Amino acid sequence: MKPTVSEVRREKLRRLREGSFDLLIVGGGINGAGIAREAALRGLRTALVEKGDFASGTSSRSSKLIHGGFRYLEEGDFGLVLEASRERDLLRRTLAPHLVHPLRFFFPVYRGATIGRWKLRAGLLLYDLLAAFRNIDRHRMVSPRAVSEVEPHLRTEGCGGGALYHDCWTDDARLVLENLLGAEHAGATCVNYVSVEEFGKGNGKVEGARVRDRDGDGGGFTIRARIVLNATGPWLDRVRLLDDPAATPVLRLTKGVHLVVDRDRIGNRNAIVLHAVRDGRILFVIPWGDHSLVGTTDTDFTGPPDEVSADSNDVAYLLETVNHYFPAAKLGEHDIVSTFAGLRPLVATVPGEAPSKISREDALIESPSQLLSLGGGKLTTYRRVAIQVVDRVTRELAVRFGARFAKRSGTAVLPLPGAGPTDTGDGIENDEIRRLRSLYGPRAALAIDLMKERPELAERLVQGLPYVRAEAVLAAETEMARRVDDVLRRRLGVALRRPDGGGSIAEAVAALMAPELDWNEGEADRRARDFRNQQALQETGWKRRA
Ligand code: FAD
């Protein structure tokens with residue numbers, strides 16, 4: 001008989017407690033997840049623990065773009081653009097075509113802007129060239145008169161035309177999840193709701209970590225590992241302090257806020273590149289299904305990373321710019337469906353530098369205890385970073401333990417699990433089934449079977465969004481979702497797209513998850529209540545701080 005979800009988790013915890021690993025990764029964001037897959041595919045005994053849900057940190061709060069980094073051209077960072085464009089095209093074509101989709105951008109040029117038409121044209125030519133003309137399509141210049149055809153609601157006053165070009169968008173939390181599922185297929189043990197609380201040492205060198213299970217009985221235990229990698233993004237310095245209370249901080253955290261607004265209210269057809277009214281920084285208005293994402297801000301942040309959220313200044317800064325460039329929109333605070341805020345885990349090299357000027361490149365730091373800590377990085381280039389980190393880890397393992405591992409993992413040709421072939425089964429095809437197959441790949445078969453066995457699971461979870469009830473069951477059964485928030489915010493994109501944050505369906509979702517997670521009725525009710533309380537805090541956070 002197939003083991004239940006609880007049995008699978010208990011078995012994984014047992015493996016963590018009793019096993020011994022080549023690599024223990026702390027943090028289940030895109031960096032940790034990508035490294036776990038790379039390491040497991042090269043044969044390392046790999047473990048990953050995440051204190052909350054996978055991707056609950058920065059990796060679900062990004063602009064959700066897989067991009068070549070057009071604006072890095074201005075800084076002359078050709079190497080970064082070359083690498084990012086290659087990764088973008090590889091993800092879109094081969095590795096994750098189910099998660100990485102083309103997106104057309106319009107870059108308008110206004111009088112007085114630092115980037116004029118000619119500079120834009122030259123930059124985009126170079127951008128196409130660095131992508132070896134393998135991007136979705138080549139850029140196209142737009143004359144001043146044609147701007148209204150491209151973007152009917154965009155301000156035309158002072159607009160000297162612009163250019164259309166392509167990049168991609170993704171579901172950031174799912175990109176993380178699929179890397180973790182891929183890591184597990186390759187033999188890694190990845191568990192959420194397990195936090196590292198201190199490091200185990202021998203002769204001053206890190207030999208593992210003391211962790212706590214935050215989802216079960218709260219018990220603590222030790223994981224033994226030859227190498228420990230701190231991939232905790234914005235928490236990097238906090239985890240370094242667990243290792244060495246005298247460690248000098250290396251991060252400069254900056255906050256990036258997005259607003260979610262009904263797309264009809266703005267009327268943008270493409271992703272639009274704008275310069276913020278207040279300080280000229282680049283902002284995007286990005287189509288996101290029936291919504292648009294407006295972002296992002298970039299301000300220093302010194303509080304606890306767990307408490308990052310939008311405030312009224314962030315909201316005003318973003319609204320001011322959208323309303324300037326889309327004058328008919330007249331957006332007010334009441335038009336905001338939701339907000340989300342993330343922290344850029346940037347490694348500061350030049351003190352006092354403006355946040356937007358700090359390098360987005362990754363950096364690997366080794367402590368005297370041999371703890372490795374990874375800062376920086378982007379969603380787009382996660383696979384390249386993972387290769388470099390695992391190269392370094394395998395070198396260390398060879399020198400220190402004489403261990404040998406495969407030099408390559410094959411991730412350049414090995415699609416993520418959901419991109420795999422789908423079982424066409426009995427040949428039933430409709431829009432619903434096509435959507436499930438294109439999102440979940442082989443795992444869609446389980447959702448389809450569930451819908452056949454229990455027709456009520458084929459019903460929509462919530463009006464106006466495509467998700468069916470079977471997907472909540474699938475998330476608990478096959479995607480390690482353990483809280484209502486995990487389902488509504490990161491497995492399915494409900495929370496950010498509903499003004500009530502999905503609160504009205506919290507009970508329904510908890511009831512769908514309950515049999516998978518062995519919750520009795522009281523426990524399911526408690527989980528739904530927890531979600532609503534947390535949701536209420538997030539939703540009204542910036543309003544309360546006004
Ligand atoms: P995180 O995703 O934050 O993961 C770290 C994890 O560590 C967290 O989940 C946390 O819970 C866990 N953790 C912390 N402490 C512990 C502990 N003690 N024990 C166990 N686990 C712990 N990049 C792009 O390519 N495209 C974009 O469009 C883009 N937009 C962005 C927009 C914004 C506003 C921001 C802030 C960043 C954006 N980025 C983008 C960059 C990218 O999102 C980040 O660089 C990336 O997500 C960082 O991932 P990470 O794994 O390092 O950190």
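Computed from a predicted model, the values in this text were never measured in an experiment. Position 1 is the first residue of the sequence, and the numbers go up from there. Atoms within a ligand are numbered from 1 in the order they appear, just like the ligands themselves.
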What part of [X], side chain, backbone, both or neither, has a heavy atom within less than 4.0 angstrom of ligand 1?
X      : answer
Leu343 : backbone
Glu197 : neither
Arg61  : backbone

Heavy-atom contacts with [X] under 4.0 Å: which atoms of ligand 1 show up? List them by number with element.
X      : value
Ala231 : 5 (C)
Gly256 : 34 (C)
Gly342 : 36 (C)
Trp235 : 3 (O), 8 (C), 10 (C), 14 (C), 15 (N)
Pro234 : 3 (O)
Thr296 : 34 (C)
Val26  : 17 (C), 19 (N), 20 (C)
Gly27  : 6 (C), 7 (O), 12 (C), 21 (N)

Inset, instruction - Look only at the side chain of Asp172 and the backbone of Ser62, and say whether a donor-acceptor pair between them is shorter than 3.5 Å. - result: yes

Inset, instruction - Mark yes or no for whether Ser59, through its side chain, and Ile30, through its backbone, hold a donor-acceptor pair below 3.5 Å. - result: yes

For ligand 1, is there an N or O atom under 3.5 Å from any N or O atom of [X]?
X      : value
Leu65  : yes
Leu379 : yes
Lys51  : yes
Thr380 : yes
Ser195 : no
Ile30  : yes
Arg344 : no
Ser59  : yes

Legend entry - Heavy-atom side-chain proximity of His67 to Leu103 below 4.5 angstrom: no

Legend entry - Distance, nearest 0.5 Å, that separates CZ of Phe21 from OG1 of Thr46: 8.5 Å

Can a salt bridge be assigned to the pair [X] and [Y] using a cut-off of 4.0 Å between side-chain N and carboxylate O?
X      : Y      : value
Arg483 : Asp530 : no
Glu87  : Lys378 : no
Lys51  : Asp306 : yes
Asp290 : Arg263 : no

Inset, instruction - Identify whether NZ of Lys or CZ of Arg in Arg9 sits under 6.0 Å from the centre of the six-membered ring of Tyr193 and within 45° of that ring's axis. - result: no

Legend entry - NZ or CZ of Arg88 within 45° of Tyr127 ring axis and under 6.0 Å: yes

Looking only at protein heavy atoms, which one is nearest to [atom], and how far off is it?
atom                    : result
atom 12 (C) of ligand 1 : Glu50 OE1, 3.2 Å
atom 50 (P) of ligand 1 : Asn31 ND2, 3.7 Å
atom 13 (N) of ligand 1 : Thr232 CG2, 3.7 Å

Inset, instruction - Please name the residue in the list Asp300, Asp298, Asp314 that meets the salt bridge (charged side-chain N to carboxylate O under 4.0 Å, His left out) test with Lys255. - result: Asp314

Inset, instruction - Run down the list Thr170, Leu236, Leu374, Thr58 and name the one with the heavy atom closest to atom 44 (C) of ligand 1. - result: Thr58

Legend entry - Arg383 and Thr411 side chains, donor-acceptor separation under 3.5 Å: yes

Legend entry - Distance-only side-chain donor-acceptor flag, Asn135 / His166, under 3.5 Å: no

Legend entry - Heavy-atom closest pair, residues Ala412 and Leu95: O-CD2, 3.6 Å

